[in-house]
Amino acid sequence: MTTRLRSGEKVTYYYAWKGGPRLSGAFGSPEFHASYADAVRSRRADASHLLRSVLDQYQDSSDFTDLAKRTRADYRKHLRVIDAEFGDFPLAALSDRRTRGEFMAWRDRLAGTSRRQADYAFAVLARVMSWSLDRGLVTVNPCLAGGRVYRAARSDRIWTSIDEAAFYARAPDHLHLALALALWTGQRQGDLIALTWAQYDGTHLRLIQGKTVSKVRRSVGKRVVIRVGAPLKARLDAIRVGRATSETILLTERGTAWTEGGFRASWRKACALAGVEGVTFHDLRGTAVTRLALAGATPPEIATVTGHSLKDVNEILDAHYLNRDPALGEAAIRKLEGEDKPPE
């Protein structure tokens with residue numbers, strides 16, 4: 001904050017945070033940094049009985065630091081919102097039955113702006129509560145089984161052969177391989193743009209997934225080995241000529257490695273150019289699961305390729321995709337017809 005003294009001199013005061021203590025020393029000086037560190041330590045000590053204390057401890061934990069960089073950034077954004085709303089909430093009050101109602105009413109207010117972001121913020125709070133409960137920092141998790149306010153109708157959101165053909169026909173050439181990789185491997189965008197030629201031996205792709213998420217737990221670093229199908233192999237081998245083995249497989253139009261933000265923006269523009277609507281890059285993961293199942297792959301086989309848990313594969317097949325795919329019903333009837341043939 002800049003103010004003018006009675007003498008007419010202008011001075012700038014710095015505070016540790018909004019409403020926090022004023023910091024001493026010139027900005028950037030050792031005294032300034034020490035003053036800020038003291039303020040943070042004092043805040044944490046004073047907040048030991050408040051929700052803010054477990055929010056801070058969670059961000060210092062390996063559960064948080066092991067998250068992907070982008071996920072950590074998203075979590076921090078929501079943690080700031082949670083801290084602003086409930087930072088001074090007494091931990092002792094978590095066991096009060098009315099607390100759950102307070103948290104859900106907060107989510108409902110956020111849903112007035114964005115239901116999806118409201119669910120995300122509530123999920124982050126629930127994750128902190130679960131982490132804190134496991135470590136004995138709180139005695140109850142009032143966010144347990146809170147449900148969602150956002151319902152995405154994803155049952156029809158798979159890439160059709162028409163979408164695929166339109167993308168290859170009209171989207172920029174340098175993005176074609178990204179589509180092929182996603183359809184033939186079922187991997188996440190972040191893992192695909194990080195792939196290097198050293199991870200392809202001519203027959204298989206070997207990668208360590210950046211994150212693996214399930215409703216029960218989160219683990220980091222799942223190893224996946226995928227046999228490369230002939231159509232994908234043809235694309236990879238044609239592009240590999242002249243490339244360095246340490247170079248990323250997917251490159252921008254300028255021949256540089258992708259950033260996640262740059263790839264997302266370019267992909268959206270490419271889909272618009274190709275006239276592909278209603279599906280995203282993330283939907284290619286479910287599309288790969290669907291196509292593998294329709295080809296006759298079992299859930300364990302699919303999970304081995306895509307890196308999903310077996311439970312998640314079954315949930316995708318049961319709840320989101322195959323229950324509306326007529327090809328599955330037709331295949332079932334053909335099998336029944338084959339079984340029903342009279343003996344010769």
Side-chain angles (χ1 to χ4, degrees), residues 1 13-25 30-111 113-114 117-149 211 213-220:
M1 181 182 72
Y13 298 115
Y14 297 93
Y15 295 84
W17 52 82
K18 185 177 181 180
R22 195 171 84 186
L23 303 177
S24 59
E31 182 183 358
F32 179 88
H33 289 297
S35 177
Y36 177 76
D38 288 342
V40 172
R41 281 193 294 269
S42 176
R43 185 190 195 196
R44 288 189 175 184
D46 293 341
S48 60
H49 66 293
L50 302 177
L51 184 60
R52 179 172 293 118
S53 68
V54 296
L55 297 178
D56 289 341
Q57 290 179 72
Y58 172 70
Q59 292 177 80
D60 290 336
S61 72
S62 59
D63 279 45
F64 178 78
T65 58
D66 284 347
L67 296 174
K69 182 179 179 181
R70 181 186 169 196
T71 305
R72 289 199 306 272
D74 288 341
Y75 268 43
R76 285 194 183 99
K77 178 181 68 176
H78 291 296
L79 286 166
R80 286 194 293 269
V81 173
I82 294 167
D83 183 72
E85 185 73 23
F86 296 113
D88 57 355
F89 193 91
L91 294 178
L94 291 175
S95 57
D96 189 317
R97 294 183 61 181
R98 292 171 294 183
T99 295
R100 181 178 175 86
E102 287 289 329
F103 287 165
M104 299 193 81
W106 164 71
R107 182 183 63 180
D108 290 342
R109 291 195 299 273
L110 294 180
T113 301
S114 169
Q117 289 302 308
D119 279 339
Y120 199 160
F122 191 82
V124 171
L125 177 58
R127 179 72 192 104
V128 174
M129 290 291 96
S130 176
W131 177 87
S132 304
L133 183 64
D134 287 344
R135 285 152 184 80
L137 301 176
V138 299
T139 58
V140 65
N141 179 2
C143 300
L144 187 64
R148 296 182 178 181
V149 293
K211 65 175 182 177
V213 182
S214 72
K215 292 182 179 178
V216 178
R217 64 189 293 269
R218 179 185 300 272
S219 60
V220 179

**Item:** Side chain E102, main chain R98, donor-acceptor under 3.5 Å
**Value:** no

**Prompt:** Side chains of F89 and L50: does their closest heavy-atom pair fall under 4.5 Å?
**Reply:** no

**Request:** Check the pair E85 / R109 against salt bridge (Lys or Arg N to Asp or Glu O under 4.0 Å), numbers first and verdict last.
**Result:** CA-CA 12 Å; E85 185 73 23; R109 291 195 299 273; 2.9 Å; yes

**Prompt:** Is it true that R72 and D66 have a side-chain N and a carboxylate O under 4.0 angstrom from each other?
**Reply:** no

**Asked** Just wondering, do F122 and M104 contact through their side chains at under 4.5 Å, heavy atoms?
**Response** yes

**Request:** Go through the steps for L137 and Q57 under the test side chain to side chain contact (heavy atoms under 4.5 Å, CB included), then give the verdict.
**Result:** CA-CA 10 Å; L137 301 176; Q57 290 179 72; 3.7 Å; yes

**Item:** Nearest non-hydrogen partners of S95 and T139, listed with the distance
**Value:** CB-OG1, 4.5 Å

**Message:** Are the side chains of D63 and R135 in contact, using a 4.5 Å heavy-atom criterion?
**Reply:** yes

**Request:** Without swapping roles, check the side chain of R100 against the backbone of L144 for a donor-acceptor pair under 3.5 Å.
**Result:** yes

**Item:** Ring centers of W106, F86 separated by less than 6.0 Å
**Value:** yes

**Shortest non-hydrogen contact from D119 toward G147** = OD1-O, 4.5 Å

**Message:** Can you give me the closest heavy-atom contact between S132 and V54, atom names plus distance?
**Reply:** OG-CB, 3.5 Å

**Request:** Could you tell me whether R52 and D83 make a salt bridge, using a distance below 4.0 angstrom between a side-chain N and a carboxylate O?
**Result:** yes

**Request:** Could you tell me whether the side chain of S24 and the main chain of S35 form a donor-acceptor pair under 3.5 Å?
**Result:** no

**Asked** When rounded to the nearest 0.5 angstrom, what distance separates CD1 in I82 from NZ in K77?
**Response** 12.0 Å

**Request:** Check step by step if side chain to side chain contact (heavy atoms under 4.5 Å, CB included) holds for S61 and W131.
**Result:** CA-CA 10 Å; S61 72; W131 177 87; 3.4 Å; yes

**Message:** Would you say that V124 contacts L79 through its side chain, given a criterion of any heavy-atom pair below 4.5 Å between the two side chains?
**Reply:** yes

**Request:** Could you tell me which non-hydrogen atom of N141 sits nearest to which non-hydrogen atom of S130, and how far apart they are?
**Result:** ND2-N, 3.7 Å

**Prompt:** At their closest point, which heavy atom of S62 faces which heavy atom of T65, and how far apart are they?
**Reply:** CA-OG1, 3.2 Å

**Item:** R107 side chain to A123 backbone, donor-acceptor under 3.5 Å
**Value:** no

**Asked** Roughly how far apart are E31 CD and D38 CG, rounded to 0.5 Å?
**Response** 10.5 Å

**Asked** With a 6.0 Å cut-off on ring centres, are Y15 and Y36 close enough?
**Response** no

**Request:** Applying side chain to side chain contact (heavy atoms under 4.5 Å, CB included), run through H78 and Y120 and close with a yes or a no.
**Result:** CA-CA 8 Å; H78 291 296; Y120 199 160; 3.5 Å; yes

**Request:** Could you check if a side-chain atom of F64 sits within less than 4.5 angstrom of a side-chain atom of R76, using non-hydrogen atoms only?
**Result:** yes

**Prompt:** Of the non-hydrogen atoms in A118 and A111, which two are nearest, and what is the gap between them?
**Reply:** CB-N, 3.5 Å

**L67 backbone acceptor or donor facing T71 side chain under 3.5 Å** = no

**Request:** Please tell me if the side chains of F103 and L94 come closer than 4.5 Å, counting only heavy atoms from C-beta onward.
**Result:** yes

**Prompt:** Are R127 and Y58 close enough that some pair of their side-chain heavy atoms sits under 4.5 Å apart?
**Reply:** yes

